[in-house]
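One structure is given below, encoded as structure tokens.
In what follows, chains are A, B, ... by sequence order, proteins preceding strands, each numbered from 1.
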Amino acid sequence: MELRVEDAIQWFTKVNEKIQENKDYLTSLDQVIGDSDHGINMARGFQEVENKLSTQEYQEVADVLKEVAMTLISKVGGASGPLFGTAFLKFSQAVKGINPVDYTSFTSGIEEALQGVMHRGKATTGEKTMIDVWAPVVHSFQEAHDFEDNPFLKVAKQAMEDTKDIMATKGRAAYFKGKSIGYIDPGAASTYLIFEALEEVIKGSK
Amino acid sequence: MELRVEDAIQWFTKVNEKIQENKDYLTSLDQVIGDSDHGINMARGFQEVENKLSTQEYQEVADVLKEVAMTLISKVGGASGPLFGTAFLKFSQAVKGINPVDYTSFTSGIEEALQGVMHRGKATTGEKTMIDVWAPVVHSFQEAHDFEDNPFLKVAKQAMEDTKDIMATKGRAAYFKGKSIGYIDPGAASTYLIFEALEEVIKGSK
Amino acid sequence: MKKIINDPNLVVQDMLKGMVSANPSAIKQLPETTVIVRSDVPTVNKVGLVSGGGSGHEPAHAGYVGKGMLDAAVAGEVFTSPTPDQVLEGIKAVNGNAGVFLIIKNYTGDVLNFEMAAELAEAEGIKVEQVIVNDDVAVEDSSFTTGRRGIAGTIFVHKIAGAKAEQGAALDEVKSVAEKVVANVRSMGMALTPCTVPAAGKPSFELKENEMEIGIGIHGESGIERKEISTADEIASELVHKILDDGVHGPGDEVAVMINGLGSTPEMELYIINSKVNEILNEKGIHVYKTFVGEYMTALEMAGCSVTLLKLDDELKSLLDSRSEAPAFLV
Amino acid sequence: MKKIINDPNLVVQDMLKGMVSANPSAIKQLPETTVIVRSDVPTVNKVGLVSGGGSGHEPAHAGYVGKGMLDAAVAGEVFTSPTPDQVLEGIKAVNGNAGVFLIIKNYTGDVLNFEMAAELAEAEGIKVEQVIVNDDVAVEDSSFTTGRRGIAGTIFVHKIAGAKAEQGAALDEVKSVAEKVVANVRSMGMALTPCTVPAAGKPSFELKENEMEIGIGIHGESGIERKEISTADEIASELVHKILDDGVHGPGDEVAVMINGLGSTPEMELYIINSKVNEILNEKGIHVYKTFVGEYMTALEMAGCSVTLLKLDDELKSLLDSRSEAPAFLV
Ligand SMILES: Nc1ncnc2c1ncn2[C@@H]1O[C@H](COP(=O)(O)OP(=O)(O)O)[C@@H](O)[C@H]1O
Ligand SMILES: Nc1ncnc2c1ncn2[C@@H]1O[C@H](COP(=O)(O)OP(=O)(O)O)[C@@H](O)[C@H]1O
Ligand SMILES: [Mg+2]
Ligand SMILES: [Mg+2]
Ligand SMILES: [Mg+2]
Ligand SMILES: [Mg+2]
């Protein structure tokens, strides 16, 4: 498959549904090693994304991604807002002019997204953040050759689970030091939901 | 009997014991229709009375009563401090120069005490205050002819119980209006303890 | 009971020590008393202002000691009015030969203890006058009972009488402006939780998770009505309307507003209340001259708030606006 | 969850409305933003000061907007840093052509959002500088992690940088005095209860009746150590010693002290803490120049407190003492 404007819209429509469904769950993760707002933040942001996407017209995938980015940046706040916003902004810039987005372009897009998050957050893998899901997913895209044969969802799920074992060194969870071990990182969980939604779009278009 | 200096001291020593024992009880009464401090106030005041009485020398009963009065005035605070203080101050003035205090003088003493409380507190009977115990006890003293045949303790107990049925119109309990009905007035309960202690002194001296 | 204290019986003493060490140049504690006075008392030929009451209402009353407000604040035990000897010490310390003015909240205990102190002071040749503050419309205004309580509106009496005294007004002038404030100030409060007197160790009443008390005082006593928690707007409306129903404040009037937190209510919530109070007053054509939002007269850690309205004229406005150096009411 | 609110999603909006209606002549809200600015912005040729962060810390930060302190405070959702577009609006509104200075508490969210705003402002030709406040010694000071949090010490940065800007200092001078404050200020907090984010509806952690958390932040996250409640003196001693162990404050130094209540701690308890803090500092030969006791940087209705020490030199003293019209920090 290739990702068309309507696929991109469907992707984020599904992300919003999942975020809304998991709002309390995400907040509860943030209650343990954060400040109890991650689900609230994400739900506020993606609801607004959905409001935008369902009423505006877009020329190309990059426009959708940019709308997502700008909306998250201006509606989410906290750490996750600028980070997810930067991710989709970089993604958008990488695929600008390419429509629909083929597998290779998509891969460079999420590579750029990951770089954007790492640069913005001054963080790397193994610090118990959303990067610990983004990075293995990017790797999975680099290894595979098309959307359909790419086990990125399994990879994402495992990566999310594995954040339990990490001691946080970035973000709010770092204040808990050793006590942060044993819990899933909230941003990792929401990143997983984003890729779960992507998988459904891919499956649906088969 | 006649009330000698040592009887007066014993009276207030016993009052202190009873107040300390009933400190939490008195506070709990004040929790329902007041501000949760009556037991604390009385315990602080009578402990200080006991400290004074056990270390000072007194010429006559009036001196003991004056010491009690001044100590209560300067240590209790709240509504009850000035009221009990005034009661014993007036009592002291009434029996000044009479030593030991015979039944008739004692009776004029507590008459004066009651007048003092009523005047200071601008209150009368039936308002759910300590007056509702003082007044019937005074009446009982006026009716009887000696300490031994005076049923004042039974009278005091009944009067204290009867404060349950009164709707408060004076003191803090008045804020509760109808809701003050059904509960013993804290100051009535501590007044009862004062007369319970007196009865024991009378019995002991028989 | 969770409290940051050393000994329930020493809270007042420890607190006063901490107050003085926070403001050593502005205030001092009279030795062996619970009286906090301005460092420069007695101010000669100025009427001395004394207030006070039970502790647990901080910043009332010691926070209002300072140039332009009180000269002395007498602290009692928690929720227990101070004794006459303590009040007398305060009166003597602030007497600058222009007389001493007492601001008393209308509670039997406060009235009796301050009155006894006034009698003792007069016996020593000091001229003493007083005002009794009774702004709480939750309580019926009846001549057969103790009548209304003094709550947050008391702060306006401190401020305005303090400013008048600072201007060099005579004792009877201070008294008459204080009485004007009392005639024009009304308050009404509510609470979401009770509070715990340290020495009592347990709360004075209980409220369910969905309940609030309307018409509560500042001593942990329960209120006049218990009901289900409503929205901030409904609460604000209920409090304001109860005040307006008393008939003192109406269209065309100018008022000062105080939204007072009782102890543990976040300032955020006080501002939410203020937003609606302001809206209602605007609708009624009542002009808001000045608004005070914060903790002015608390009840330990009680959650809840009170609304106070003071009708102003030109004199009251200028006295309200004049300089105050009291730490809890800087103007 | 008992709160005086209308709708958990509208608390910030309702609060800002209430703030402006309480101080309509001093502050205003930029239309369709969550930014509160001084009524007279931009002040031409004065460095504009912008701070802000999540809501729920009131009076921080809008209470510190006023002549001599902040020009703008940007409010985020409860405990959530504001977004770059909001911060940008604040920056643009206060830019009087002498540049804009950002005071940022060290949280990933605050840093990222303010940084993005600064980038956007610079793209529009506005000179922007910033300081990051990280006074909380409860957190390890490590270059491998996010490092220490900014808590109550931030208020001293607002005050001193604000005073410097008011004197007409240049952007780099404001920055360097702000950095001096950051280098000399340390804080440490503790709590007896958690707090509840309105939209989350339940507390972020639980504490038993006999437990307290040492080293807690201001966002309802749990602290570094949970233990049995001790006396006020022991708590004061633990907090002060943890600060002194950081090595910034020592014998012969002059300091400003802040005893900050986190939300529902009665002022009485804050003064009890201050009494002991003062005693310890005296014993150590550390001179207390000025003390601030009250609620300056709260965490909704959390019960607890923090202690802050700021080492002073002559410049900092005079800036600390200079006039401020910010309602929550009048000098
Ligand atoms: N420096 C960072 N780099 C990457 N991700 C981060 C960083 N700091 C925090 N995060 C992510 O942000 C999430 C928290 O988001 P959120 O709760 O919305 O913001 P906040 O921490 O400001 O309350 C964390 O779970 C983590 O995944
Ligand atoms: N006006 C009054 N006349 C007589 N007794 C009164 C009056 N007001 C209050 N009391 C008594 O004082 C008692 C309360 O005392 P206490 O709790 O120590 O003081 P406070 O009410 O100031 O807290 C009441 O139970 C009542 O008996
Ligand atoms: Mg969070
Ligand atoms: Mg009582
Ligand atoms: Mg009392
Ligand atoms: Mg947050």
Side-chain angles (χ1 to χ4, degrees), chain B residues 23-24 26-45 47-48 69-86 89 117 119-124 126-130 167-180 187, chain C residues 8-9 34 53-56 74-88 107-117 120 136 138-140 142 144-149 194-205 215-226 299:
Chain B
K23 179 178 168 181
D24 291 348
L26 293 172
T27 295
S28 74
L29 293 179
D30 201 31
Q31 236 154 11
V32 192
I33 54 169
D35 60 348
S36 321
D37 62 356
H38 187 61
I40 303 167
N41 293 345
M42 295 297 283
R44 184 175 54 244
Q47 184 56 58
E48 196 63 25
M70 297 314 289
T71 307
L72 294 179
I73 289 173
S74 69
K75 291 294 165 193
V76 175
S80 53
L83 290 168
F84 282 120
T86 300
L89 197 61
V117 172
H119 186 251
R120 178 59 69 200
K122 300 188 185 71
T124 183
E127 303 207 85
K128 198 184 188 96
T129 70
M130 59 174 74
M167 183 176 96
T169 50
K170 285 287 150 65
R172 228 170 255 289
Y175 307 142
F176 294 83
K177 292 197 282 190
K179 286 193 282 172
S180 66
Chain C
N9 298 310
T34 56
S55 292
V74 187
E77 291 295 320
V78 177
F79 292 173
T80 301
S81 46
T83 55
D85 53 314
Q86 300 291 308
V87 179
L88 178 63
Y107 299 97
T108 307
D110 289 52
V111 171
L112 295 185
N113 286 285
F114 275 76
E115 261 178 15
M116 284 179 86
L120 295 167
D136 186 358
V139 179
E140 224 175 319
S142 158
F144 299 108
T145 73
T146 318
R148 289 178 169 174
R149 302 175 284 217
C195 59
T196 300
V197 172
K202 54 176 201 251
S204 40
F205 60 90
I216 203 141
I218 53 171
H219 294 92
E221 66 268 55
S222 59
I224 52 168
E225 194 188 349
R226 183 168 298 196

Chain C contact via B:S80 - side chain, backbone, both or neither, heavy atoms under 4.5 Å: neither
Backbone of B:G77 reached by a side-chain donor or acceptor of C:Q86 within 3.5 Å: no
Between B:E127, B:K179, B:R172, the one whose heavy-atom pairs under 4.5 Å with chain C are most numerous: B:R172
Under 3.5 Å donor-acceptor, B:E48 side chain and B:G45 backbone: no
Backbone of B:G78 reached by a side-chain donor or acceptor of C:N113 within 3.5 Å: yes
From B:R120 atom CZ to B:L89 atom CG, the distance as rounded to the nearest 0.5 Å: 9.5 Å
Donor-acceptor contact below 3.5 Å, side chain B:K128 vs main chain B:A173: no
Heavy-atom pairs under 4.5 Å with chain C, option from B:A79, B:G34, B:A168 with the top count: B:A79
OG1 on C:T83 to CD1 on B:I73, rounded to 0.5 Å: 9.5 Å
Region of B:T27 in contact with chain C, defined by heavy-atom distances below 4.5 Å: side chain
Residue B:K75 versus chain C: region with a heavy atom under 4.5 Å: backbone
Check: C:G76 main-chain N/O paired with C:S55 side-chain donor or acceptor under 3.5 Å: yes
Residue C:P194 versus chain B: region with a heavy atom under 4.5 Å: neither
Max heavy-atom pair count under 4.5 Å with chain B, selected residue of C:N9, C:T80, C:V197, C:I224: C:T80
When B:S28, B:G85, B:A174, B:G171 are compared by non-hydrogen pairs under 4.5 Å with chain C, the top option: B:G171
Pairs of heavy atoms under 4.5 Å with chain B: top-ranked of C:L112, C:V139, C:T108, C:D110: C:L112
Part of C:F205 lying under 4.5 Å from any heavy atom of chain B: neither
Side chain, backbone, both or neither of B:I40 within contact of chain C (heavy atoms, under 4.5 Å): side chain
Interatomic spacing from CG in B:D37 to CD in B:Q31 - rounded to 0.5 Å: 10.0 Å
